[in-house]
> 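Just dropping this structure here.
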Amino acid sequence: MRWSQTLIPTIKEVPSDAEVPSHQLMLRAGLIRQLMAGAYTYLPLGYRALRKAEAIVRQEMERAGAIEIHMPALQPIELFERTGRREAFGNVLINFDLKRGDRRVHLALGPTHEEVVTDLVSKVVTTYKQLPFTLYQIQTKFRNEERPRFGVLRTSEFLMKDAYSFSTSVEQLNDAYDAMYAAYCRIFARCGLEYLPVEAESGPIGGDASHEFMVPAGNGEDTIVRCPKCSYAANMERADTGRQLPAIGQPADCAELTKVDTPNATSIEQVSRMLNCEPSQLVKTLIYSADGKPTAVLVRGDHEANEGKVRRALGAASLELADEDTIREVTGAPVGFAGPVGIKCPIIADHDVPQIVNAVTGANAADAHYTGVNVGRDYQLDTTFDLRDADNGDPCPRCDGTLEHVHGIEVGHVFKLGTKYSKSLDAVYIDEKEDRHPIIMGCYGIGVNRIIASLCETRYDDNGIVWPLSIAPYELLIIPLNIEDEEVMSVANRCYDELTAAGVDVLLDDRKARPGFKFKDADLIGIPLRLVIGGKGLQEGQVELKWRWADGPDKVPVDSAVSEVLSQLDAQRKAEAEKVPQ
RNA sequence: CGGGACGUGGCGCAGUCUGGUAGCGCGCUUGACUGGGGGUCAAGAGGUCGCAGGUUCAAGUCCUGUCGUCCCGACCA
């Protein structure tokens, strides 16, 4: 492609709306333009990169034995009502009424396709002989994000590869899951991403039923807990703290239980300042409503309660912080003064809570706290749970290492679904004995746009994007320094023609512009290999070849320019391929 | 949904407090010079200051409302 024949609107100054690097670079390099919050047009360069990522995803899906289909984005709302996800999605599900003749139809724009694919399979599969298989598609998904942000990282419309496996046994499900897991590793490695598979919320099946693929990045929305010493990595939602179960016993040297005035001090910070103690000396008492029943959850003052863990510990289907009236009812005090001593509801506590000797807690009375609170004497616990977020510095649950937090962008998610959808949508098969069973499912998603955004978020320097060869919109950029110099242009055109014919993705900067201007644009759009053809060089019979990440150019004889480009591209492709797991 | 910020040529911004001829840089057009890391000079084009209403002799500027965008938080199968 000739630069003058395509549309690459680069921008010198950083658009004021863009904050994160990927957003700034994608706008500046002319990859995308915004239509509205959460909706972007992919311009030629951005779309080429996106399609390259898509091609890699497709190749690896096929290699893993998945079969491609294409399902409608328009879906009847009724399917979501049958699985209960209309309510679960809530406002995120984009849905609307349409008039068709004298009747109305209620439709949704697919936020994902579990319902549609399960409905399809329920109508097509009858016997175990047809199973197992895995279907996939690459398609635009729609979600009414409450708050789209970070440019293209979180949008209300995005390209997703979604795959669904259908099996008759847990063993078959595990095989499909493992195949997808391996394919994902290959995909992200081929795309040149640094990725981290982390354990994620696994739902009803438990165990290792779910992994997220994260790209470590400072601006990632997710917090990952990982151990630098072993391979343990988990989403904050489910990361274990590695705390040993402590014995619950009344400590030896207890202070007296004392009620102290703490006017208007409702936060951990205010109380610790007023009473001149560390937040770790406090017990944070949170009143939750678990399936409608109030429960007090105790964690140490400097810890954060983890709602997923609380929900699992209580075996509750729904969990939310209790409203003000409930809090007054069980504590007899306004919000901010709850404590375990004399509270009128069940208590569960994190492992670290009974370890606090002479703790400070709310006194269940307005403007008052207790000091000298001790388990066994002032309140009772039978057992403790892991109820809090794993913290920086916590012990690793798998080895003697120390956990640390990193932020990440979720680019993929693999999940063992079980029979949730097949049961509600009646997707069953008959076995050898003519018994009917719900099909066992798995689902596997990749955010294709996020592959591009994560690359831009992690691979750049002061001058612009640094694409890997595998995803770069073009592999080679030819820059003739002076397009009015006939010899320069004839060499440039010859290289362009020969390399294009050889199957290389070549962009030729045929714009009438000064060299410095072209170099700046070249670095900004980040094409991996750059071939510079200038009048001075040609007088010495030489052209220049430079990788985007290299310090300086290599001089190459004009006559061997084409072969040198081909062999260097080949070597780079091999180098990138070596990082891909088998 | 709670909190905050911002809407002025294509982009980045000043002007708003204290009402009185709409400005700067980049980009764009034309010409000349220049020609290896976002050039120089000259001459131009381009904006009903997000929108609506109000106050005023007079509104980019003050008031009310509204729409939009971004950031923090909540939410996120």
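To find a chain, count down the sequence lines: A is the first, B the second, and so on, and within it residues start at 1.
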> Classify A/P111 by what it touches in the nucleic acid, base, sugar-phosphate, or nothing, heavy-atom distance under 4.0 Å.
nothing

> Can you figure out which of B/C71, B/G12, B/G37 approaches the side chain of A/F150 most closely?
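Of the options given, the side chain of A/F150 lies nearest B/C71.
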
> Nearest heavy atom decides the nucleotide; on that basis, is A/G537 or A/V14 closer to the 5' end of RNA chain B?
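Residue closer to the 5' terminus by nearest nucleotide: A/V14.
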
> Among the candidates B/C70, B/G38, B/G36, find the nucleotide nearest to the side-chain atoms of A/Q34.
B/C70

> Just the rounded figure in Å: distance from P of B/G36 to CZ of A/R511.
17 Å

> Identify the two heavy atoms, one from A/E114 and one from A/C443, that lie closest to each other, and give their separation to 0.1 Å.
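Answer, listing the atom of A/E114 first, then A/C443: OE2-SG, 3.5 Å.
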
> Looking at CD1 of A/I451 and OH of A/Y195, how far apart are the two atoms once the value is rounded to the nearest 0.5 Å?
12.5 Å

> Do A/F213 and A/Y181 make the cut of ring centroids closer than 6.0 angstrom?
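Yes, they do, as the ring centres are separated by less than 6.0 Å.
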
> Rounded to the nearest Å, what distance is computed from the CD atom of residue A/Q539 to the P atom of nucleotide B/G35?
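These atoms are roughly 14 Å apart.
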
> Could you let me know what B/G37 is paired to, Watson-Crick or G-U wobble, both distances under 3.5 Å, or none if it's on its own?
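For B/G37, the partner nucleotide comes out as none, under the 3.5 Å rule.
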
> Whether A/S16 contacts B/C70 is assessed here as follows: a side-chain N or O lying under 4.0 Å from the phosphate OP1 or OP2. Is that the case?
no

> We want to know whether A/S490 and A/E487 form a side-chain donor-acceptor pair, criterion being a heavy-atom distance below 3.5 angstrom.
no

> For the pair made of CG in A/L27 and C1' in B/U69, what is the distance, rounded to whole Å?
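Spelled out: CG on A/L27 to C1' on B/U69 is 13 Å.
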
> Please measure how far the C1' atom in B/C70 lies from the corresponding atom in B/U64, and state the result in whole Å.
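To the nearest whole Å, 25 Å.
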
> If B/C17 has a Watson-Crick or G-U wobble mate with both distances under 3.5 Å, name it; if not, just say none.
none

> How many Å lie between NE2 on A/H23 and P on B/C70, as a whole number?
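Result: 7 Å.
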
> State yes or no: are the ring centers of A/Y40 and A/H23 separated by less than 6.0 Å?
yes

> Classify A/E114 by what it touches in the nucleic acid, base, sugar-phosphate, or nothing, heavy-atom distance under 4.0 Å.
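Nothing, no heavy atom under 4.0 Å.
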
> Using side-chain heavy atoms (C-beta onward) and a distance below 4.5 Å, is A/F133 in contact with A/V121?
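In contact.
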
> Could you measure between the two P atoms, the one in B/U48 and the one in B/G9, and give it in whole Å?
9 Å

> What's the closest nucleotide to the A/A37 side chain, out of B/C70, B/G35, B/G36?
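In terms of side-chain proximity for A/A37, the closest of B/C70, B/G35, B/G36 is B/C70.
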
> So, OP1 or OP2 of B/G36: does either fall under 4.0 Å of a side-chain N or O from A/K536?
yes

> Determine the interatomic distance between C1' on B/A32 and the same-named atom on B/G25; round to the nearest Å.
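Roughly 23 Å separates the two C1' atoms.
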
> Could you tell me the separation between the CD1 atom of A/I11 and the P atom of B/C13, rounded to a whole number of Å?
12 Å

> Between C1' on B/C75 and CZ on A/R149, what's the gap in Å once rounded to a whole number?
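Answer to the nearest Å: 9 Å.
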
> Please work out if A/D523 contacts a base, only the sugar-phosphate, or nothing of the nucleic acid, heavy-atom cut-off 4.0 Å.
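Since a base atom lies under 4.0 Å of A/D523, the category is base.
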
> Using the C1' atoms only, state how far B/C28 lies from B/G46, rounded to an integer number of Å.
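Rounded to whole Å, the distance is 9 Å.
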
> Quick one, A/N174 with A/K416, criterion side chain to side chain donor-acceptor pair (under 3.5 Å). Give me CA distance, side-chain angles, the key distance, then yes/no.
CA-CA 8 Å; A/N174 289 342; A/K416 295 179 187 173; 2.8 Å; yes

> By nearest atom, which of the nucleotides B/C70, B/G73, B/G12 is closest to the A/P15 side chain?
B/G12

> Any N or O donor-acceptor pair linking the side chain of A/D521 to the base of B/G38 at under 3.5 Å?
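Check passes, donor-acceptor contact within cut-off.
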
> Do A/W547 and A/P528 come within less than 4.5 Å of each other through their side chains, counting heavy atoms only?
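Yes. Closest side-chain heavy atoms under 4.5 Å.
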
> Please state whether the base of B/G36 and the side chain of A/E544 form at least one donor-acceptor pair under 3.5 Å?
yes

> In whole Å, measure the gap between the P atoms of B/G15 and B/U56 for me.
28 Å

> In whole Å, measure the gap between the C1' atoms of B/G2 and B/A45 for me.
47 Å

> Rounded to whole angstrom, note down the C1' distance from B/G12 over to B/U69.
16 Å

> A/E146 side chain: which of B/U69, B/G36, B/C75 is closest?
B/C75

> Using a cut-off of 4.0 Å on non-hydrogen atoms, how would the nucleic acid contact of A/T112 be classed: base, sugar-phosphate, or nothing?
nothing

> Side-chain donor or acceptor of A/R530 under 3.5 Å from a matching atom on the base of B/G37?
yes

> From the options B/C70, B/G38, B/G73, select the nucleotide whose nearest atom is closest to the side chain of A/K520.
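Shortest atom-to-atom distance from the side chain points to B/G38.
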
> Across all strands, who's sitting opposite B/A52 as a Watson-Crick or G-U wobble pair, both distances under 3.5 Å?
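Across any shown strand, B/A52 pairs with B/U64.
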
> Which nucleotide, in any strand shown, forms a Watson-Crick or G-U wobble pair with B/A5, with both distances under 3.5 Å?
B/U69

> Applying a 4.0 Å non-hydrogen cut-off, can you work out what A/D17 is touching in the nucleic acid: base, sugar-phosphate, or nothing?
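The residue A/D17 makes sugar-phosphate contact but no base contact.
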
> For A/Y421, report the nucleic acid contact type (base, sugar-phosphate, nothing); a contact means any heavy atom under 4.0 Å.
sugar-phosphate

> For A/M36 and for A/C443, locate the closest nucleotide of RNA chain B by heavy-atom distance; then report the residue assigned to the nucleotide nearer the 5' terminus.
A/M36

> Which whole number of Å gives the distance between the C1' atom of B/U21 and that of B/G68?
31 Å

> Among the candidates B/C11, B/G38, B/G36, find the nucleotide nearest to the side-chain atoms of A/F517.
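Side chain of A/F517 sits closest to B/G38.
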
> Counting only Watson-Crick pairs (N1-N3 plus N6-O4 or O6-N4) and G-U wobbles (N1-O2, O6-N3), all under 3.5 Å, who is the partner of B/G44?
B/C28

> For the side chain of A/K512, counting heavy atoms from C-beta on, which of B/G73, B/G38, B/G35 is nearest?
B/G35

> Check the phosphate of B/C72 against A/R147, side-chain N and O only, distance under 4.0 Å to OP1 or OP2. Yes or no?
yes

> Round to a whole Å and report the spacing from CD of A/E19 to P of B/G4.
18 Å

> Kindly confirm or rule out a cation-pi arrangement of A/K141 over A/F158, judged by NZ or CZ under 6.0 Å from the six-membered ring centre and within 45° of its axis?
no

> Considering every strand and a 4.0 Å limit on heavy-atom distances, what is the contact class for A/A88: base, sugar-phosphate, or nothing?
nothing

